[in-house]
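We use all heavy atoms of the structure for the numbers below, so side chains are in, but hydrogens, waters and symmetry mates are not. All figures in this text were calculated on a predicted structure; none of them were measured in a lab.
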Amino acid sequence: SLLRARDPGKGIDHPSLARIFDPLFTSEPAGQGTGRGMAMVYGLIREQAGAIEVDSTPGQGTEIQLYLPRDVSSPAAGEPGPEALPRGPETILFAEDEVALRQVARRALERLGYRVLLAADGDEALQQFYAHEGEIDLVISDSVMPKLGGVEVYEALRNHEPPIRFLLASGYSPTTAGHEHHPTAQIPFLRKPWTLSELARQVRVVLDGTA
């Protein structure tokens with residue numbers, strides 16, 4: 001099956017496009033990107049025996065095509081198939097500024113039974129939350145996003161009643177001192193880069209209250 005993600009932004013120049021899947025490579029200013037997003041997408045797609053193509057022209061935006069097998073009964077060696085992963089019926093708000101990573105995560109979570117709402121940055125995450133207040137069981141947010149980061153989204157929602165279950169995805173550990181995006185110890189934490197099995201299992205840990 002094919003997932004197509006389009007970003008109508010400024011596009012990617014050819015030297016950057018050639019390095020788009022390199023771990024830690026980013027064209028963003030310091031503090032606005034970790035360079036893990038597209039490397040993660042590449043790894044997650046390969047984990048599912050799929051393929052990815054990126055087409056971009058400066059000034060004309062970017063299109064990413066994700067090819068995934070319809071039959072996932074034979075996962076990569078050492079990885080459990082979707083049926084072996086914990087499932088659930090809950091509604092999840094997933095906030096991540098990498099468009100391809102959002103789409104991969106949505107597909108994976110929906111195949112495990114979840115309803116998934118997406119947000120491209122912290123502001124949109126809060127808008128989505130209040131537009132669907134009372135429906136959302138879990139908020140998953142990347143720590144580094146435009147406008148508002150994941151820790152700021154958490155702070156905006158931490159006093160909500162009833163309490164909101166929250167999972168922060170970050171390349172910075174809770175013990176990383178002195179970085180503006182490092183998570184705090186009280187926030188349930190998913191280290192980037194994560195695999196689909198790590199995502200699925202940590203989602204259930206937080207939803208079941210065993211974090």
Chemist: Do you know the tightest heavy-atom contact between Lys192 and Asp142?
Modeler: NZ-OD1, 3.1 Å
Chemist: State the CD1-OG1 distance between Ile12 and Thr57, to the nearest 0.5 angstrom.
Modeler: 10.0 Å
Chemist: Identify the two heavy atoms, one from Pro86 and one from Ala200, that lie closest to each other, and give their separation to 0.1 Å.
Modeler: CG-O, 3.7 Å
Chemist: Is Arg204 salt-bridged to Glu90, going by a charged N under 4.0 Å from an acidic O?
Modeler: yes
Chemist: Might you work through the side-chain contact (heavy atoms from CB on, under 4.5 Å) test for Arg115 and His132, ending with a clear yes or no?
Modeler: CA-CA 12 Å; Arg115 175 192 177 206; His132 298 274; 3.8 Å; yes
Chemist: Enter the distance from Glu155:CD to Leu148:CG here, rounded to the nearest 0.5 Å.
Modeler: 11.5 Å
Chemist: Below 4.0 angstrom, N of the basic side chain to O of the carboxylate: do Asp97 and Arg102 qualify?
Modeler: no
Chemist: To the closest 0.5 Å, what do you measure between CG (Leu167) and CG (Leu199)?
Modeler: 7.5 Å
Chemist: Where do Arg201 and Leu85 land on the side-chain contact (heavy atoms from CB on, under 4.5 Å) test, with the steps shown first?
Modeler: CA-CA 7 Å; Arg201 296 183 191 285; Leu85 297 177; 3.6 Å; yes
Chemist: For residues Gly122 and Val153, report the shortest heavy-atom separation together with the two atoms involved.
Modeler: CA-CG2, 3.7 Å
Chemist: Where is the tightest heavy-atom contact between Gly150 and Ser141, given as atom of each residue plus distance?
Modeler: CA-OG, 3.3 Å
Chemist: Is the backbone N or O of Glu98 less than 3.5 Å from a side-chain atom of Glu96, with the two atoms forming a donor-acceptor pair by type?
Modeler: yes
Chemist: Tell me the closest heavy-atom pair linking Leu112 and Arg87, and the distance in Å.
Modeler: O-CB, 3.2 Å
Chemist: Walk me through whether Leu126 and Leu157 qualify under side-chain contact (heavy atoms from CB on, under 4.5 Å).
Modeler: CA-CA 8 Å; Leu126 293 179; Leu157 299 176; 3.9 Å; yes
Chemist: Could you tell me the separation between the CD atom of Gln65 and the CD atom of Glu53, rounded to the nearest 0.5 Å?
Modeler: 5.5 Å
Chemist: Hey, are the side chains of Phe129 and Val139 touching, using non-hydrogen atoms and a 4.5 Å cut-off?
Modeler: yes
Chemist: Could you pull out the closest heavy-atom pair between Gly11 and Thr62, with the gap in Å?
Modeler: CA-OG1, 3.8 Å
Chemist: Less than 4.5 Å apart, any side-chain heavy atom of Met145 and any of Lys147?
Modeler: no
Chemist: Working to the nearest 0.5 Å, report the span between CG of Leu207 and CD1 of Ile92.
Modeler: 6.0 Å
Chemist: Between Arg107 and Glu110, does at least one N-O distance fall below 4.0 Å, as a salt bridge requires?
Modeler: no
Chemist: Assess the residue pair Tyr130 and Ile136 against the criterion (side-chain contact (heavy atoms from CB on, under 4.5 Å)); give the C-alpha distance rounded to whole Å, side-chain angles, the decisive distance to 0.1 Å, and a yes or no.
Modeler: CA-CA 9 Å; Tyr130 288 112; Ile136 294 172; over 6 Å; no
Chemist: Atom CZ in Arg191, atom CG in Leu168: separation rounded to 0.5 Å?
Modeler: 11.5 Å
Chemist: Strictly distance-based, threshold 3.5 Å: is any side-chain N or O of Gln128 a donor or acceptor partner for the main-chain N or O of Leu118?
Modeler: yes
Chemist: Would you call the rings of Phe166 and Tyr154 parallel, tilted or perpendicular, where under 30° means parallel and over 60° means perpendicular?
Modeler: perpendicular
